Amino acid sequence: MSQQVRVRFAPSPTGYLHVGGARTALFNWLYARKTGGKFILRIEDTDVERSTQEAVDGLLRDMKWLGLTWDEGPEVDGPHGPYFQSQRLEIYKKYAEKLLQNGSAYPCFCSEEELEAKRQKAEEEHRSLHYDGTCRNLGKEEVEKRIAAGEPYVVRVRVPDKDYVLNDLVRGRVEWKSETLGDFIILRSSGMPVYNFCVVVDDADMQISHVVRAEEHLTNTHRQLIIYEALGITPPTFAHASLILGEDKTKLSKRHGATSVGQYALDGFLPEAMINFLALLGWNEGNDREIYSVEELKECFTLERISKSPGVFDHAKLTWMNGQHLRALSVENLLPMVEPVLKKEMPDEPRLQNPEILRKLVELIQIKMNKLNDAVEVAKSFLNASQPENEEAAAMISTDKSKDLFAALAEEFASCEWVREGYNAAIKAAGKTAGAKGKELFMPIRVKITGTCHGPDLVGILDVLGREEVLKRLRN
RNA sequence: GCCCCUUUCGUCUAGUGGCCCAGGACACAGCCCUUUCAAGGCUGCGACAGGGGUUCGAAUCCCCUAAGGGGCGCCA
């Protein structure tokens, strides 16, 4: 009962944070926040070839954007650092040495070429592809002699002849038979440790209590269990969530379109919506609820309710959900998010510089948006005066009646009080003069002013455009 | 080839032996609201992978098959 929850997200910086990784991070983070535990961020950069600083930077940036703050890790450090695997080499060596000492690991001098040849032969003969154990029982003197002679070697774990059982929080009982695994490498000939070994050493060293990760690691757990045992350390609790799939039901990847969290940020999605969507992809509370705030998620998240079956990433549903969160925002909160988007796309638009107009604009278009970026198109649709977009629209403003209407309306607008009640009355009066009402009254006005048959509330548009601009467009 | 995991509407899912001829959400269609488009409301469409058992009764338990995924690396 005394054990504190310590969970971690351990990405390798070989690319951007993708939605699958983000969900894994989220589950860990949620669990830590729910239980009052610690969330640790560890960078698994032992693959020097593929790891880059840009990827690390991007990872941290996207994690922050999502609001997935870490208690220990890069930038904040902590009592169990360093949090970059590339800086922990001494620790791995120490643990490997321990395994070599107690006999649960041994040096292996087989070359990569030899192993490849053996693997191929095994494949042809339909035998298991495992290491055949050539160096498993070399004499102590021979080992020392070959090492002294400078012969390169790797370190392998001596896999015990026994079955292993994992009691996974989401999968239940998973069992591996002894013969399904050959002695595997934990230290490369370069001295660099291998993933499965680093994970165990780090998780043990950082006192991780729960390992929450994706299903692709499920079978790795077999090896990791063996290493824990060899080290004499009690393994943490495991929870393996399933994978996120693309629309074609294969593992989500770049060719499925946007998969990086950074891209979603750029596309105008809200972090809160992203969190909501990701949380519900492979987890639910057991009821019909769809919309959650981050705070609410922190309250009710449980590892046990993570689902076993893989899920397809549904972009349409994410967009809908983003719209839900967007519309739930107060204008005060929405405005600072929309403002930069608008100003970036319309740097020369003077009305955006006026705080009062800007506020009215945001209020007007909020209901039309599903993403922050939608603001641009909606705003442009009426901010810029334009010709009728199609024949239907052109026909709407070319009738005699509509021309009478515009003339009458211009007159009314010129003198009416420029507030909502004022234009409403003016429109009504002009309609009476021209003999138009209902759709016949409003549609021509809309088209005359904006060029299109649809868009936000007409009165709201007048409000944003202002008397002068409206008159100019009416008289044009 | 071997090992492991998974399988309810197109998609995300509820469902842990009777409340289920299966509920919700997205998408789609229709209607309502409305000066338009949205938003919102209502309605509709639509699934227990297949086959065997167990049981009075099975989406739910067992077995087999199929399909999908993951792993079997000196990648992570």
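Proteins get letters first, then strands, A, B, ... in listed order; numbering begins at 1 in each. In this text the structure is predicted, and so the values were computed from the model without any measurement. Side chains included, hydrogens not; waters and symmetry mates left out as well; all remaining heavy atoms used.
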Using atom P in both nucleotides, what's the gap between B:rC64 and B:rG23 to the nearest angstrom?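 Those two atoms are separated by 32 Å.
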Side-chain donor/acceptor of A:Thr219 to base of B:rC3, under 3.5 Å: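 A donor-acceptor contact between them is absent.
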Do A:Lys317 and B:rA27 have a side chain to base donor-acceptor pair shorter than 3.5 Å?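 Under the 3.5 Å cut-off, the side chain and the base do not form any donor-acceptor pair.
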Report yes if at least one side-chain N or O of [X] is closer than 4.0 Å to OP1 or OP2 of [N]; otherwise report no.
X	N	value
A:Asn287	B:rA14	no
A:Arg42	B:rA76	no
A:Gln85	B:rC75	no

[X] [atom1] to [N] [atom2], straight-line distance once rounded to whole Å:
X	N	atom1	atom2	value
A:Asn220	B:rG69	CG	C1'	15 Å
A:Lys308	B:rU13	NZ	C1'	15 Å
A:Asp288	B:rC26	CG	C1'	14 Å
A:Leu245	B:rU7	CG	P	13 Å

Quick one: do A:Tyr195 and A:His217 satisfy ring pair (Phe, Tyr, Trp, His ring centres under 6.0 Å)? Show the steps, please. CA-CA 11 Å; A:Tyr195 167 75; A:His217 294 291; 5.6 Å; yes
What does B:rG73 pair with, Watson-Crick or G-U, if both distances are under 3.5 Å?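 Paired with B:rG73, as far as the under-3.5 Å criterion goes, is no nucleotide at all.
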Start with the C-alpha distance between A:His315 and A:Tyr264, add both sets of side-chain angles, then the distance that settles ring pair (Phe, Tyr, Trp, His ring centres under 6.0 Å), and finish with yes or no. CA-CA 11 Å; A:His315 204 273; A:Tyr264 282 100; 5.6 Å; yes
A:Phe442 aromatic ring stacked with six-membered ring of B:rU35, 5.5 Å and 30°: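 Check passed, A:Phe442 stacks on base of B:rU35.
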Just to be sure I understand the rule, does A:Glu216 reach a base, reach only the sugar-phosphate, or reach nothing, if contact means heavy atoms closer than 4.0 Å?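 The residue A:Glu216 makes sugar-phosphate contact but no base contact.
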Which part of the nucleic acid, if any, lies within reach of A:Arg156 when heavy atoms closer than 4.0 Å are counted: base, sugar-phosphate only, or nothing?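 It contacts nothing in the nucleic acid.
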